[in-house]
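Everything on this sheet refers to the single structure shown next.
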Amino acid sequence: MSSNSAENLRHDWQLDEVKALLEQPFNDLIFQAQAIHRAHFDPNEVQVSSLLSIKTGSCSEDCGYCPQSARHDSDLTPEALMPIEEVLKSAKQAKDQGASRFCMGAAWRSPKDKDIERVVEMVQGVKAMGMETCVTLGMLTEKQTKALKEGGLDYYNHNLDTSEDYYSEVITTRTYQDRLDTLERVRDADINVCCGGIVGMGESADDRANLLIGLANLPKHPESVPINMLVQVEGTPLANTESLDPFTFIRMIAVARILMPKSRVRLSAGRTDMSDEMQAFCFFAGANSIFYGDKLLTTANPMSNHDLALFDRLGVRSAGSSYAQ
Ligand code: SAM
Ligand code: DTB
Ligand code: SF4
């Protein structure tokens, strides 16, 4: 078994093992995931991140799920890179509402070096407010990752999105290997990695297992693992995809927790279509992070007061720290 001996975390998961975990009786799976969760985290703490789209739409890429692609006919108004003052105003609001991390997303295939200079200023401004920072800007060069690290960036979000096999059904304008290359550069620059995927895109059960394997078998587990349920947006190729059984989604969360015991598993996009009970089940299965605030990047998220009420009903507290020690 190959493992990181200091932490005893595995990076050699095989398809048959992960499928067996995913397919075992639900109660056995949830019990196992909750036991692992409790060994590493306070089970009543959930970390909250707020999202802001700092550059919206007109993206050259063809990601089948994404309303921001210029190739799809979604009802979206493109917006250029936001002025720093507006970004900081939004970050301040997020902080006042209780977010501990501020994530800024840009609809780029890859940023220009000039864009990075402006994003670094945003990162510095948000950090000065006492919040953790995360950005998701597409593919990066080594020079750009270094500039972001020197600017004080805490996390970089770059998702695998799906299995390597299903990838080309969803995106043709850049490869799975391109993503691995960017993730490696981010890791080498010593920036925390936020990397997950999307389910409900018409993928098979093997693809879902292979997405989890792709994440867990990275050289180091991502510190943050967002599991998104596809938000179906009119005009995108994946609109009208058959919806996933909610239990399949909960099983994905549970197995992410089992494979990556020390990572923050984030119950990410798609919460507006989930009942409170389903979200509570996701927390029980090991999710301990959410996107918080009325908007994701371009689509709706549950209202903050609804989330606060849910936390209150569940006795859940908002957590400050990010990674299990
Ligand atoms: N353009 C950059 C990139 O693709 O890396 C950064 C922004 S992109 C919107 C960030 C991630 O949002 C995608 O990798 C995808 O996982 C997620 N995402 C986008 N649209 C989504 C949707 N409709 N439903 C669920 N997740 C979505
Ligand atoms: C991630 O895994 N999910 C977030 C974040 N990383 C950037 C994005 C979700 C986007 C959902 C569709 C939208 O609002 O545009
Ligand atoms: Fe562009 Fe990112 Fe959307 Fe793909 S996911 S179309 S790269 S904004």
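First listed ligand is number 1; within each ligand, the first listed atom is number 1.
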Give a yes/no verdict on a cation-pi contact between Arg271 and Phe291, requiring under 6.0 Å between NZ or CZ and the six-membered ring centre and an angle within 45° of the axis.
-> no
May I ask you to check if Arg101 and Tyr155 form a cation-pi contact, with NZ or CZ under 6.0 angstrom from the six-membered ring centre and within 45° of the axis?
->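 Positive - Arg101 is close enough to the ring of Tyr155 and near enough to its axis.
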Can you name the residues that come within less than 4.0 Å of ligand 3, going by heavy atoms only?
-> Cys59, Glu61, Cys63, Tyr65, Cys66, Ser69, Ala107, Trp108, Arg174
If we set the cut-off at 4.0 Å for heavy atoms, which region of [X] has an atom near ligand 1: side chain, backbone, both, or neither?
X	answer
Arg109	neither
Val231	both
Thr236	neither

Just need the protein heavy atom nearest to [atom], so name the residue and atom and give the distance.
atom	result
atom 6 (N) of ligand 2	Asn157 OD1, 3.1 Å
atom 4 (C) of ligand 2	Phe291 CE1, 3.6 Å
atom 12 (O) of ligand 1	Asn159 ND2, 4.5 Å
atom 8 (S) of ligand 1	Leu297 CD1, 4.6 Å
atom 4 (O) of ligand 1	Arg174 NH2, 3.2 Å
atom 15 (O) of ligand 2	Thr298 OG1, 2.6 Å
atom 10 (C) of ligand 2	Leu297 CD1, 4.2 Å

Quick one: does Leu230 get an N or O within less than 3.5 Å of an N or O on ligand 1?
->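 Between Leu230 and ligand 1 (N or O atoms, distance only) the closest approach is not under 3.5 Å.
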Kindly determine whether Glu223 and Arg264 satisfy salt bridge (charged side-chain N to carboxylate O under 4.0 Å, His left out), including the steps that lead there.
-> CA-CA 6 Å; Glu223 282 77 9; Arg264 285 262 166 203; over 6 Å; no
With no hydrogens and no angle check, just 3.5 Å: does a side-chain donor-acceptor pair link [X] and [Y]?
X	Y	result
Asp207	Ser163	yes
Ser100	Gln47	yes
Gln177	Asp181	yes

Non-hydrogen atom of Gly105 closer than 4.0 Å to ligand 1 |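 The answer is no, since Gly105 has no heavy atom less than 4.0 Å from ligand 1.
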Under a heavy-atom criterion of less than 4.0 Å, does Ala106 contact ligand 1?
->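 Distance cut 4.0 Å: Ala106 passes for ligand 1.
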Would you check, one step at a time, whether the test salt bridge (charged side-chain N to carboxylate O under 4.0 Å, His left out) holds for Glu142 with Lys146?
-> CA-CA 6 Å; Glu142 196 181 324; Lys146 284 202 176 119; 3.1 Å; yes
If we only count heavy atoms from C-beta on, is the Val186 to Leu148 side-chain gap below 4.5 Å?
-> no
So which bit of Pro226 gets within less than 4.0 Å of ligand 2, heavy atoms only: side chain, backbone, both or neither?
-> side chain
Check whether any side-chain N or O of Arg257 sits under 3.5 Å from a backbone N or O of Met260 as a donor-acceptor pair, and report yes or no.
->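 At least one qualifying donor-acceptor pair exists.
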Taking only Lys NZ, Arg NE, NH1 and NH2, and the carboxylate oxygens of Asp or Glu, determine whether Arg10 and Glu17 approach each other closer than 4.0 Å.
-> yes
If you measure from atom 13 (C) of ligand 1 to every heavy atom of Trp108, Tyr156, Tyr65, which option wins on shortest distance?
-> Tyr65
